[in-house]
Asks: 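If you scroll down you'll find the structure; I have some questions about it.
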There are 2 protein chains.
Amino acid sequence: MAKEKKLVEAITSMEEDFAQWYTDVVKKAELVDYTSVKGCMVIKPAGYAIWENIQRELDRRFKETGVENVYMPLFIPESLLQKEKDHVEGFAPEVAWVTHGGLEELQERLCVRPTSETLFCDFYARDIHSHRDLPKVYNQWCSVVRWEKTTRPFLRSREFLWQEGHTAHATAEEAEERTIQMLNVYADFCEEELAIPVIKGRKTDKEKFAGAEATYTIESLMHDGKALQSGTSHNFGDGFAKAFGIQYADRDNTLKYVHQTSWGMTTRMIGAIIMVHGDNSGLVLPPRIAPVQAMIIPIQQKKEGVLEKADEMMAAIKKAGIRVKVDDSDKSPGWKFSEQEMRGIPVRIECGPKDIENGQAVIVRRDTREKIVVSFEDLAQKVQETLDTMQREMLERARAHRDAHTYEARDYEEFRKTIEEKPGFVKAMWCGCQECEDKIKEDTQATSRCIPFEQEQISDKCVCCGKPAKKMVYWGKAY
Amino acid sequence: MAKEKKLVEAITSMEEDFAQWYTDVVKKAELVDYTSVKGCMVIKPAGYAIWENIQRELDRRFKETGVENVYMPLFIPESLLQKEKDHVEGFAPEVAWVTHGGLEELQERLCVRPTSETLFCDFYARDIHSHRDLPKVYNQWCSVVRWEKTTRPFLRSREFLWQEGHTAHATAEEAEERTIQMLNVYADFCEEELAIPVIKGRKTDKEKFAGAEATYTIESLMHDGKALQSGTSHNFGDGFAKAFGIQYADRDNTLKYVHQTSWGMTTRMIGAIIMVHGDNSGLVLPPRIAPVQAMIIPIQQKKEGVLEKADEMMAAIKKAGIRVKVDDSDKSPGWKFSEQEMRGIPVRIECGPKDIENGQAVIVRRDTREKIVVSFEDLAQKVQETLDTMQREMLERARAHRDAHTYEARDYEEFRKTIEEKPGFVKAMWCGCQECEDKIKEDTQATSRCIPFEQEQISDKCVCCGKPAKKMVYWGKAY
């Protein structure tokens with residue numbers, strides 16, 4: 001029992017200190033570890049396997065919409081980064097610079113890509129000639145580097161993994177359509193796979209991507225009431241095309257500029273999974289994204305027939321297409337339970353000599369701890385049903401939590417009080433001026449998360465300055 | 001017709017200039033393109049899709065042997081790179097150095113990883129404590145950077161994609177076993193998926209990896225008779241473990257050093273596919289690795305029913321699990337044929353109004369140009385058979401080509417003459433001294449490719465110095 005206690009005691013409770021709870025979970029669930037490289041992390045097998053599942057599922061959804069994968073260089077020459085004015089202003093202060101190759105100093109510095117708009121534009125300028133070359137709907141899976149001062153595993157690190165899609169279109173309409181299409185892919189992915197409900201909307205000009213005409217975002221709410229920007233999709237209009245000279249000969253033989261988009265999702269989604277679904281026993285993984293969906297833990301495994309039965313169950317469950325393992329290590333069952341819970345494996349299957357005698361096993365759900373006694377014949381089917389139910393209920397629970405922590409504010413006093421006292425989203429009207437955004441941030445640390453597509457008329461005045469309101473905005477403190 | 005001619009004329013024949021033929025094929029088959037970043041390439045959709053298939057198949061084989069994927073940082077602090085003496089000597093002259101992060105100069109330079117032994121060792125030193133933590137069998141998929149002076153697409157570029165496996169074991173025997181196991185995975189993968197026959201063997205001390213105790217290699221022979229090192233697997237013994245202090249408490253409670261291995265395969269295998277299988281019409285892809293395995297090209301597609309039939313055929317073929325597309329663009333059939341050939345799509349299916357009348361289509365093999373008339377009912381099955389036959393015969397042809405270009409030499413005169421006049425492998429005996437390797441390289445530009453596992457006793461004297469021979473070696477000029 002001493003050992004079991006140790007594993008659970010090793011994590012701070014989330015009510016006591018949410019930030020410490022988060023750090024404890026990423027460490028104890030063996031998702032990441034720190035390295036000798038400041039601000040960079042090792043993603044360990046349990047963490048990387050989640051990312052592989054995210055990749056596989058997102059990539060499948062991308063390809064269904066006609067996306068093709070490519071690979072661009074890691075480095076961007078300084079002169080290339082500088083071609084689009086807003087873009088370089090946004091990124092230059094936070095890039096890493098390569099100044100030497102081998103034993104020689106480079107004639108021109110290269111930055112390690114913080115994002116690859118400039119490389120894709122440089123390529124498109126050479127590769128696109130005619131309307132027949134359009135659209136280009138390219139994506140790459142890679143790592144990017146941003147020289148952050150303070151870092152947290154998955155949420156903010158100097159290097160992180162992501163995908164970045166970059167498209168070029170003949171018309172503004174087509175580019176806008178693709179921008180929204182990819183935002184919808186992200187939203188569906190988050191809700192269906194990660195069981196994380198999202199708010200879809202547009203970023204204010206203050207919060208949009210450096211160089212974009214419009215940035216769309218999906219925003220999710222963590223367990224502590226802080227918001228997390230979970231995926232963004234940008235419409236660049238023809239701004240980059242003009243800076244890089246990306247033109248095509250249209251059907252009427254005139255030269256026109258292309259219209260571009262980009263969109264990305266990152267390993268920070270693993271942080272979102274932890275902070276939306278986790279509890280004081282550790283990680284809770286949505287079944288569809290869990291690398292191991294069911295863990296069979298034999299009880300009194302040294303007794304004759306127990307391990308054989310466990311293997312037999314595993315074979316039957318695997319045959320049903322479920323990712324299942326047996327923990328036959330020489331640890332105690334209690335210790336194994338703690339480990340399975342800490343790692344967030346959705347379903348545990350317990351089976352000992354007595355169960356075998358009765359021809360049954362016990363399924364335990366990770367999220368609710370509900371126990372279901374089930375006969376061997378029904379086991380695989382029941383495990384699948386449990387996984388399906390759990391996936392659905394995790395989304396429902398996260399949605400209920402978000403809704404319960406979404407408030408409205410009609411005047412500035414109410415707004416400040418709500419932000420201060422009630423962690424969550426605050427819906428409030430906005431006049432459209434950056435001055436109000438700046439004031440709100442200074443007074444409350446909250447930022448405009450998005451102008452949601454689903455608008456409501458909460459009042460007709462800006463919650464900050466009282467002037468006529470243009471839009472309803474979701475506000476909140478964010479990671 | 002003018003257009004069709006243009007596409008084929010666009011590539012140099014391989015007999016005229018093999019290097020130019022190679023460059024033409026990678027460009028015209030749209031595998032890669034050059035960039036504004038010197039020595040780095042864009043991998044375009046047709047090239048990246050091949051890499052995705054290589055990844056998927058290799059990764060599956062890795063995981064069957066218990067490999068787990070992880071992700072390590074992109075950067076290596078200079079002090080970490082310097083911990084193992086031989087290793088830093090081998091790599092320091094060819095790495096890219098990051099000296100500034102954001103607007104500040106770094107206190108310690110970071111190199112962009114040329115390979116990640118040092119990062120894995122640093123991690124293992126912190127993560128491995130007990131024999132229970134062993135073995136660690138980790139792999140990562142990433143890009144690495146080596147500051148090469150002269151570059152060629154896929155074969156040698158400043159950045160390339162690869163996988164690098166890094167393992168730690170309790171005993172020397174287990175490490176050696178894993179080293180050979182992964183070499184065998186590479187060899188089987190090359191032969192079964194890429195239809196490229198390989199020679200398995202050990203590198204001489206001169207040619208081994210910086211820091212390794214033993215390097216094993218698979219060597220393949222390109223169409224022009226030059227060798228290509230196609231995958232390597234290194235046994236480090238406990239050299240790195242001692243440099244980095246990676247120790248574990250064994251069952252007897254004594255501290256012992258781990259034994260390590262590493263092994264890698266890169267995007268250069270796409271270069272190998274081109275140079276082993278390509279011809280003067282372009283690329284020829286082995287069916288199992290081809291992103292598109294069959295291209296349906298409708299004849300007189302504007303006639304009623306032709307495109308409908310093409311789509312119907314596609315559905316039937318897809319249902320059989322074959323990767324198939326219809327080319328319904330507004331180009332001429334002849335132009336489409338050239339494109340399909342240039343891109344190396346293994347099978348073309350032609351179908352026009354007359355074929356439809358006769359209830360048949362024509363299958364054309366990319367490699368032999370053999371035409372097979374087949375009824376609609378048998379189409380999917382016949383396409384699969386054709387793909388299977390083609391895969392098998394491509395390997396047989398490549399093996400026959402290699403065997404026909406593998407020579408033996410008994411004395412130095414014969415050796416020099418063979419190397420000079422007959423591009424290919426030369427099998428010859430070796431005394432084991434580096435002086436002879438150096439002399440051979442200086443005289444002939446040939447290097448020792450490997451000491452093959454399958455030894456033959458060609459003579460009992462070293463082909464170079466005439467002293468008693470220890471081993472038979474494969475020699476050749478290499479990429």
Asks: Apply side chain to side chain contact (heavy atoms under 4.5 Å, CB included) to B:E30 and A:D127, showing your working.
Replies: CA-CA 11 Å; B:E30 299 188 19; A:D127 207 50; over 6 Å; no
Asks: Measuring from A:C40:SG to B:L119:CG, what's the distance to the nearest 0.5 Å?
Replies: 9.5 Å
Asks: Relative to chain B, which of A:L161, A:L110, A:L103 shows the most heavy atom pairs under 4.5 Å?
Replies: A:L161
Asks: Measuring from atom CD of B:E105 to atom OG1 of A:T99, what distance do you get when rounded to the nearest 0.5 angstrom?
Replies: 8.5 Å
Asks: Going by the rule side-chain contact (heavy atoms from CB on, under 4.5 Å), which residues pair with A:K27 if we only count those two or more places apart in sequence or in a different chain?
Replies: A:D33, A:Y34
Asks: Need one label for B:E104: side chain, backbone, both or neither, based on atoms under 4.5 Å from any heavy atom in chain A.
Replies: side chain
Asks: Measuring from atom OG of B:S36 to atom CG of A:L80, what distance do you get when rounded to the nearest 0.5 angstrom?
Replies: 5.5 Å
Asks: Highest number of heavy-atom pairs under 4.5 Å with chain A: which of B:T35, B:I76, B:V32?
Replies: B:T35
Asks: With a 4.5 angstrom heavy-atom cut-off, which part of A:V95 approaches chain B: side chain, backbone, both or neither?
Replies: backbone
Asks: Would a 4.5 Å heavy-atom cut-off, applied to side chains only, mark A:K44 and B:F123 as touching?
Replies: yes
Asks: Which atoms of A:R126 are under 4.5 Å from chain B, going by heavy atoms: the side chain, the backbone, both sets, or neither?
Replies: side chain
Asks: Let me check something: any side-chain donor-acceptor pairs from residues 61-75 of chain B under 3.5 Å, sequence neighbours excluded? List them with distances.
Replies:
unit_1 : atom_1 : unit_2 : atom_2 : d
B:R61  : NE     : B:E57  : OE2    : 3.0
B:R61  : NH1    : B:E192 : OE1    : 3.3
B:R61  : NH2    : B:E192 : OE1    : 2.9
B:R61  : NH2    : B:E193 : OE2    : 3.0
B:K63  : NZ     : A:E52  : OE1    : 3.3
B:K63  : NZ     : A:E52  : OE2    : 3.1
B:K63  : NZ     : B:D59  : OD2    : 2.8
B:E64  : OE2    : B:R60  : NH1    : 2.7
B:T65  : OG1    : B:F62  : O      : 2.7
B:T65  : OG1    : B:R178 : NH1    : 2.9
B:N69  : OD1    : B:N139 : ND2    : 3.0
B:N69  : ND2    : A:E52  : OE2    : 2.8
B:N69  : ND2    : B:D59  : OD1    : 2.9
B:Y71  : OH     : A:S143 : OG     : 3.4
B:Y71  : OH     : A:E159 : OE2    : 2.5
B:Y71  : OH     : B:R113 : NH1    : 3.4
B:Y71  : OH     : B:R113 : NH2    : 3.1

Asks: So what's closer than 4.5 Å to chain A heavy atoms on B:K38: side chain, backbone, both or neither?
Replies: neither
Asks: Chain B heavy atoms under 4.5 Å from A:W147: which part of the residue, side chain, backbone, both or neither?
Replies: side chain
Asks: Flag the one option from B:P77, B:A49, B:G101 with the top tally of heavy-atom pairs under 4.5 Å to chain A.
Replies: B:G101
